[in-house]
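In what follows, a structure is listed as structure tokens, so that the remarks can point back to it.
Residue indices begin at 1 and follow the sequence shown. This structure is a prediction, so every number in the text was calculated from the model and none was measured. Just so you know, ligand 1 is whichever comes first in the structure, and atom 1 is the first atom listed for that ligand.
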Amino acid sequence: MAADHVFIPPPSLSAKFEGSFAYLTVRDRLPTILTKVIDTIHRTKNDFFQKHGEVGVDAEKRAISFLSKMRNELQTDKPVLPLTDSADDTEAWNRYLQRQQDLMENGQLVSWFKSPWLYVECYMYRKIQEALYFSPPICDFDVFKEGKTQSFFESQQAIISLCTFLRESLVSADNANRKWLFEHFLTFLQVSLWGNRCDLSISAGQENSQKTSPIHSLPDLRHFILVDDSDKVWSVLTSKQSPGGQEKTGVRLDIILDNAGFELVTDLVLADFMVSVGLAKEVHFHGKSIPWFVSDVTSRDFDWTTSQTAASNHKHMSSCGVQWKRHVKDGAWTYHEHPFWTLPHEFCDMPADAPDLYSTLQRSDLILFKGDLNYRRLTGDRAWEHTVPFGRALRGFLPAPLCSLRTLKANVQVGLEPGQAEKLAAQDTEWMTSGKYAVIQFCSPFEEQQQGS
Ligand SMILES: O=P(O)(O)OC[C@H]1O[C@](O)(CO)[C@@H](O)[C@@H]1O
Ligand SMILES: [Mn+2]
């Protein structure tokens with residue numbers, strides 16, 4: 001890929017740096033998540049029995065013993081082992097392990113505390129899946145489903161107020177001028193941004209829902225957006241609009257989804273707005289093919305969320321759900337899966353390791369990457385200086401104009417002004433990990449060409 005032959009990127013974040021956020025995650029948060037997974041499987045024992053009889057109970061025991069063993073290996077920093085199941089992505093995982101092994105120094109083995117945090121954290125979620133693959137007939141049990149569903153129900157009031165705001169806005173959209181459109185675009189973009197606060201991985205599965213109306217708090221939250229490239233996103237969106245907006249041309253928008261629950265609703269609301277006002281002609285959603293990082297969206301979550309919304313007895317909420325199903329039916333919205341989204345690679349590896357996905361994304365006019373994990377993969381989860389331009393941290397990954405909508409929950413952040421990070425650190429030592437701050441950070445191949453970088 002592009003001009004990166006001589007450039008050596010900074011080291012990967014890793015639990016080998018004692019006391020770092022990566023270290024604390026691997027030491028404390030990951031075992032807690034595993035314990036909850038084990039507990040969930042155990043609590044579901046009766047259902048497994050009712051559905052499958054004794055074999056269901058045997059499967060429950062097998063999965064639990066596999067996972068307990070893994071938790072112990074993690075906590076005692078044992079070597080990371082190749083996967084032994086025969087799923088479509090098994091080979092890719094094992095090749096990546098070999099790649100990590102080749103990077104190790106002094107004959108050390110790849111292990112939970114010595115290897116890149118991004119890799120081992122992704123590996124844990126894939127190993128949970130391996131435990132289930134080896135435990136038929138419960139192979140497709142989603143260990144995180146309960147938490148995702150709960151987060152949706154607990155955000156009910158916020159969802160209702162958001163759906164009401166959307167439906168009422170769309171009523172006045174017909175006579176809207178450009179200023180109205182721009183202001184509403186900003187609102188829905190920010191709602192989707194702050195929706196990312198509601199993930200269940202940072203809280204190790206602890207309840208984390210949206211209780212209040214998201215619209216009213218936006219002005220107070222503006223100050224916490226550290227980089228705001230909304231104008232650039234707007235320019236891309238309007239580049240395909242005919243003046244006056246009579247003709248609904250619109251862009252192809254791709255949204256790389258993050259969490260189910262409230263965040264997914266904010267993304268669907270944004271996408272609905274974009275299509276309804278003609279800023280986008282099609283929206284392609286990209287979700288995970290296995291349960292991932294506790295709350296990430298799978299196709300089942302996507303379908304469940306639209307159906308659940310449509311079935312609401314609140315008129316605006318249900319009319320949103322009905323409209324979303326219609327967008328799917330008439331092809332304005334499509335949902336896609338690709339194994340790369342649940343592999344541990346940095347996104348700069350995509351052209352070589354998932355060229356088909358890269359070319360799909362090249363057909364987009366604008367790609368929105370939701371959430372913290374996507375940001376970590378965009379920037380390679382490395383110890384970048386905070387002032388390094390976003391485009392440089394992408395290391396050649398730029399299939400189309402892209403924008404990260406992310407609340408900061410891991411200690412990687414680029415593209416800040418000189419002195420900005422120091423100022424933040426002086427005010428709040430947890431500014432990079434608390435989810436209190438956010439970025440709307442954009443990069444475009446056209447901009448990069450002009451800057452010659
Ligand atoms: O759902 P999001 O925004 O990707 O957040 C998940 C993040 O939470 C964490 O678990 C916090 O460490 C990260 O591993 C991950 O980046
Ligand atoms: Mn997530």
State whether Phe340 and Arg377 meet the cation-pi test: NZ (Lys) or CZ (Arg) under 6.0 Å from the six-membered ring centroid, and within 45° of the perpendicular axis.
->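 Flagged: Arg377 positioned over aromatic ring of Phe340.
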Is Arg376 positioned over the aromatic face of Trp117, cation under 6.0 angstrom from the ring centre and no more than 45 degrees off axis?
->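 Checked: cation-pi criterion met.
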Out of Trp341, Tyr125, Phe144, which one pairs with Phe293 under the ring pair (Phe, Tyr, Trp, His ring centres under 6.0 Å) rule?
->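 Going through Trp341, Tyr125, Phe144 one by one, the ring pair (Phe, Tyr, Trp, His ring centres under 6.0 Å) with Phe293 is satisfied by Tyr125 alone.
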Trp93, Tyr119, Tyr96 screened by ring pair (Phe, Tyr, Trp, His ring centres under 6.0 Å) with His345, the one that passes |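 For His345, the ring pair (Phe, Tyr, Trp, His ring centres under 6.0 Å) check succeeds only for Tyr96.
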Within the 4.0 Å heavy-atom shell around [X], which atoms of ligand 1 are there?
X      : answer
Arg29  : 9 (C), 10 (O), 11 (C), 12 (O)
Asp258 : 1 (O), 2 (P), 3 (O), 4 (O)
Phe293 : 14 (O)
Phe21  : 12 (O)
Asn196 : 3 (O)

If you measure from each non-hydrogen atom of [X] to ligand 1, which part falls under 4.0 Å: side chain, backbone, both or neither?
X      : answer
Asp372 : both
Asn259 : side chain
Arg406 : neither

For Ser307, side-chain contact (heavy atoms from CB on, under 4.5 Å) partners two or more places apart |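 For Ser307, the residues satisfying side-chain contact (heavy atoms from CB on, under 4.5 Å) (neighbours in sequence not counted) are Lys325.
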Considering only heavy atoms from C-beta outward, does the side chain of Arg300 approach that of Asp140 to under 4.5 Å?
->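 Sidechains of Asp140 and Arg300: in contact.
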Hey, is Trp117 one of the residues with a heavy atom under 4.0 angstrom from ligand 1?
->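 It does, in that a heavy atom of Trp117 comes within the 4.0 Å cut-off of ligand 1.
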Short question: side chain of Ser276, backbone of Phe273 - any donor-acceptor pair under 3.5 Å?
->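 Looks like no, no N/O pair under 3.5 Å.
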Under 3.5 Å, is there a donor-acceptor pair between the side chain of Tyr358 and the main chain of Phe397?
->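 Looks like no, no N/O pair under 3.5 Å.
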Within-cut-off N or O pair, Gly371 and ligand 1, under 3.5 Å |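 It does not: no N or O of Gly371 is found under 3.5 Å from an N or O of ligand 1.
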Going by the angle between their ring planes, with limits at 30° and 60°, are Trp431 and Tyr437 parallel, tilted or perpendicular?
->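 The arrangement is perpendicular - the two ring planes meet at more than 60°.
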Relative to atom 14 (O) of ligand 1, which among Arg376, Arg197, Lys409 owns the nearest non-hydrogen atom?
->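 Looking at heavy atoms only, the winner is Arg376.
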Please name the atom of Asp296, restricted to N, O or S, that is closest to the Mn ion (ligand 2).
->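 Relative to the Mn ion (ligand 2), the closest nitrogen, oxygen or sulfur of Asp296 carries the name OD1.
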Please calculate the OD1(Asn259)-the Mn ion (ligand 2)-OD1(Asp258) angle and round it to 10 degrees.
->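 Value returned, to the nearest 10°, is 90°.
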